[in-house]
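Residue numbering restarts at 1 for every chain, and letters A, B, ... go by the order of the sequence lines. We use all heavy atoms of the structure for the numbers below, so side chains are in, but hydrogens, waters and symmetry mates are not. Quick caveat: nothing in here was measured; it's all calculated off a predicted structure.
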Protein chains: 2
Amino acid sequence: MVSIISVAKAAGVSNKTVSRVINGEPYVTEETRERVEKAIRDLGYIPNMAARLIRSSRSNTFGIITDYVSTTPYSVDIVRGIQDWANANGKTILMANTGGSSKREADIWKMFQSHRIDGVLYVTMYRRTVDPEAGDVRIPTVMINCRPQTDELLPSIEPDDYQGAQDLTRYLLDRGHRKIGYIRLNPILLGAQLRLDAFRKTAADFGLAEGDLSIRLGMEGPVGAEKNYVFAVATEMLQQKDRPTAIMSGNDEMTIQVYIAAMALGLRIPEDVSIVGFDDFRTVSLALKPELTTAALPYYDLGLEGAELLNSVVAGNKAPSSRVMPCKLVERTSVRSV
Amino acid sequence: MVSIISVAKAAGVSNKTVSRVINGEPYVTEETRERVEKAIRDLGYIPNMAARLIRSSRSNTFGIITDYVSTTPYSVDIVRGIQDWANANGKTILMANTGGSSKREADIWKMFQSHRIDGVLYVTMYRRTVDPEAGDVRIPTVMINCRPQTDELLPSIEPDDYQGAQDLTRYLLDRGHRKIGYIRLNPILLGAQLRLDAFRKTAADFGLAEGDLSIRLGMEGPVGAEKNYVFAVATEMLQQKDRPTAIMSGNDEMTIQVYIAAMALGLRIPEDVSIVGFDDFRTVSLALKPELTTAALPYYDLGLEGAELLNSVVAGNKAPSSRVMPCKLVERTSVRSV
DNA sequence: ACGGGTATTGACAACGTCGTCATAGAGTGA
DNA sequence: TCACTCTATGACGACGTTGTCAATACCCGT
């Protein structure tokens with residue numbers, strides 16, 4: 001492998017001078033700089049990060065720990081956000097996946113330490129609480145889409161499920177809906193309770209009675225193997241004589257079943273029943289006809305902001321311990337005014 | 001940071017002896033080994049990979065280059081397969097995303113080289129041909145879910161779209177379907193033509209005339225921003241007086257629209273029309289009611305096998321230049337016999 | 001011509017690890 | 001007892017890079 005020394009020889013200077021050129025340090029004549037740069041090009045020299053790290057003990061590398069990839073398919077946009085940030089800021093990303101095993105997680109922390117990474121982004125694919133097996137040594141860590149179970153002060157970035165559900169509920173109320181059905185997400189998910197709370201509170205503040213709301217559980221059980229009641233629940237809800245004029249469901253995936261249930265009963269969307277989802281999982285929300293009005297989870301931004309936050313933590317800046325990113329309401333055509 | 005030297009001091013031995021213990025080399029007394037191991041535990045010593053690399057010039061690290069993450073949501077299972085392999089075999093994964101920019105891709109290759117990675121897994125999120133900007137230096141590379149545009153001899157691993165579509169077509173034929181509709185995937189995708197060819201060929205071999213097949217284009221244009229005709233095409237197909245008894249669509253996502261089109265026309269699935277998809281994108285195939293019969297893309301296995309193959313290429317074994325993994329037919333309830 | 005800067009360059013050590021070689025003690029067979 | 005082979009251990013250097021410090025060259029004002 002071509003090293004700084006071969007370049008130095010080729011350019012007829014010392015290795016230190018080559019180092020200066022590479023790192024853009026001052027005190028190099030224009031003429032020397034050019035000669036060195038030519039040698040670098042000619043030899044195809046590429047700096048060796050490992051050697052650099054060994055001197056400076058700064059790896060410029062972040063590690064990502066994920067749990068399950070693709071449980072919520074678009075959540076990988078978090079990773080894309082992180083990567084884009086890393087790319088724009090000259091950082092490298094080391095990535096590993098626990099698959100839910102805590103032994104594996106412990107191994108991963110060790111592996112990260114052996115690479116002397118500067119910090120860890122702890123990313124979960126659905127929002128929940130976790131208990132990182134960080135080991136004894138404290139590496140700067142930022143939680144994305146999750147928060148520590150214990151009351152440790154790890155900074156975290158999460159989506160604002162409450163605000164998203166609030167916006168969706170208001171949207172329906174503003175369009176005259178007064179009987180609204182709600183099909184609940186798996187209660188394991190951190191967002192489930194918040195979305196439901198926002199729905200209840202917003203409806204109540206507006207003056208709706210609890211009897212105007214029809215709230216049912218759509219899914220439960222361990223993620224990836226949950227029991228699924230959505231189709232049955234939606235069918236039942238729409239068969240009531242005093243059926244809701246609008247149905248809000250926990251996420252877009254569940255909404256597929258609500259659509260099918262409604263259509264199987266001969267109901268048209270949105271003429272007979274309006275439907276909103278949550279997540280803006282576009283593979284679904286754009287494939288449904290009419291296209292789905294929903295609240296977009298800011299996955300990409302979670303990643304971007306998380307990386308930015310981790311960077312400032314690593315740099316030693318006192319960071320705000322926690323932050324929440326808004327969900328944007330995406331208006332399409334699955335809701336009509338009544 | 002605690003190094004091999006601090007451990008050596010603590011254990012009262014030379015640093016070389018500590019090195020021997022760490023690497024499980026012979027010629028260490030049981031008693032010495034224990035003393036060293038105790039010191040390692042007490043000090044929380046973790047080997048420094050960078051220093052190791054600088055000596056041995058073997059990083060035990062693979063790089064992953066992806067194009068767009070999450071265009072086909074479950075395709076990230078490829079990455080999961082790679083990570084699981086890496087984890088099981090003590091390799092580290094460096095990951096970067098081009099976002100489709102070739103300047104960025106060139107930067108990534110440089111970055112990988114500066115980390116002295118042992119090999120690259122070039123992964124695309126939908127199956128297509130690509131032209132890696134590898135630069136001058138040749139790093140062992142395996143293509144996953146794609147193949148080189150030029151006739152370079154880069155080993156690749158791809159799903160067997162042809163066999164998958166063949167199995168699905170046979171499945172319909174075996175169940176008595178003689179008029180079959182086919183809604184085509186975006187022709188940009190490498191699998192699109194293969195799937196269609198398999199459908200045509202299998203139907204012809206069985207004895208169906210071209211007139212028994214109703215083949216229509218469902219999508220076209222750049223990936224991520226394609227024009228979508230699926231709903232309209234499916235509606236039209238199902239309104240023909242001599243409508244197909246079964247519809248095969250390019251992938252599961254398109255199938256959502258076929259379902260909705262059928263239901264909007266008052267047709268029941270599978271009583272009035274049978275439907276099959278492709279991909280086994282479970283967020284969709286399990287959410288649809290009745291659940292969807294489809295062919296599963298072996299994403300996870302592509303990753304696993306790709307990593308394995310890269311490893312053998314790095315080790316210098318002459319590898320088979322290319323390999324194809326089967327798509328498994330997943331039978332659910334969206335097809336009936338006629 | 002001289003003292004005091006500033007610009008430019010290089011020699012050398014150090015980072016953490018492991019390969020090479022040397023050393024020393026212990027056992028073995030003649 | 002002697003030569004020889006093992007076993008167990010350590011001293012030292014090298015990997016590629018950068019930080020420290022010294023050395024040289026040049027310029028300025030006196």
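Phosphate contact (OP1/OP2 of C:dA11, side-chain N/O of A:S14, threshold under 4.0 Å): absent. Neither OP1 nor OP2 of C:dC15 sits under 4.0 Å from any side-chain N or O of B:N48. Checking the phosphate oxygens (OP1, OP2) of C:dG16, no side-chain nitrogen or oxygen of B:N15 falls inside 4.0 Å. Phosphate contact (OP1/OP2 of D:dA25, side-chain N/O of A:Y27, threshold under 4.0 Å): absent. The phosphate of C:dG16 (OP1 or OP2) has no side-chain N or O of B:R52 nearer than 4.0 angstrom. Residue A:T32 has no polar side-chain atom (N or O) positioned under 4.0 Å from OP1 or OP2 of C:dT8. At the phosphate of C:dT17, neither OP1 nor OP2 sits under 4.0 Å from any side-chain N or O atom of B:S19. Contact annotation: A:S56 does not reach the phosphate of D:dG19 (side-chain N/O to OP1 or OP2, under 4.0 Å).
At a cut-off of 3.5 Å, with distance as the only test, a side-chain donor of A:H115 or B:T92 sits close to an acceptor on the other residue. For A:T98 and A:D67, the side-chain atoms include no donor-acceptor pair closer than 3.5 Å.
A:R116 contributes no side-chain N or O that forms a donor-acceptor pair with the base of C:dG16 under 3.5 Å. Interface remark: the B:R55 side chain does form a donor-acceptor pair with the D:dA14 base, using a distance-only criterion of under 3.5 Å.
Residue A:R20 contributes atom CZ, which lies 14 Å from atom P of C:dA7 at whole-angstrom precision. Distance CZ (B:R58) to C1' (C:dC18): 16 Å, rounded to an integer number of Å. Distance A:I40 CD1 to D:dG16 P: 15 Å, rounded to the nearest Å. Here C:dC18 presents its P atom at 12 Å from CG of B:L53, a figure rounded to the nearest Å. Going from atom CZ of A:R35 over to atom C1' of C:dT9 covers 11 Å, rounded to whole Å. Here the P atom of nucleotide D:dC21 and the CD atom of A:E25 are 15 Å apart, to the nearest Å. The CD atom of A:E31 sits 13 Å away from the C1' atom of C:dT9 (whole-angstrom rounding). In this structure, the CD1 atom of A:I22 is 15 Å from the C1' atom of D:dG19, given to the nearest Å.
Projected onto DNA chain D by closest heavy-atom contact, B:I54 and B:P26 fall at different nucleotides, the more 5' of which corresponds to B:P26.
Looking at A:E34 and A:K38, no side-chain N of the basic residue comes within less than 4.0 Å of a carboxylate O on the acidic one, giving no salt bridge. Look at A:E37 and A:R41 and you find no salt bridge, because none of the NZ, NE, NH1 or NH2 atoms lies under 4.0 Å from a carboxylate O. Under a 4.0 Å N-O distance rule, the pair A:D107/A:K110 does not qualify as a salt bridge.
Among the nucleotides C:dC18, D:dG10, C:dT17, the one closest to the side chain of B:V13 is D:dG10. Nearest nucleotide to the side chain of B:K16, out of D:dA8, D:dG10, C:dT8: D:dG10. Across D:dG16, C:dT17, C:dT9, the shortest atom-to-atom separation from the side chain of A:V28 is found for C:dT9.
A:T17 comes within 4.0 angstrom of the backbone, heavy atoms only, and of no base. Within the nucleic acid shown, B:P47 comes within 4.0 Å of sugar-phosphate atoms alone, with no base atom in reach, counting heavy atoms only.
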From CA spacing to verdict: side chain to side chain contact (heavy atoms under 4.5 Å, CB included), B:L189, B:V223: CA-CA 9 Å; B:L189 310 185; B:V223 174; 3.9 Å; yes
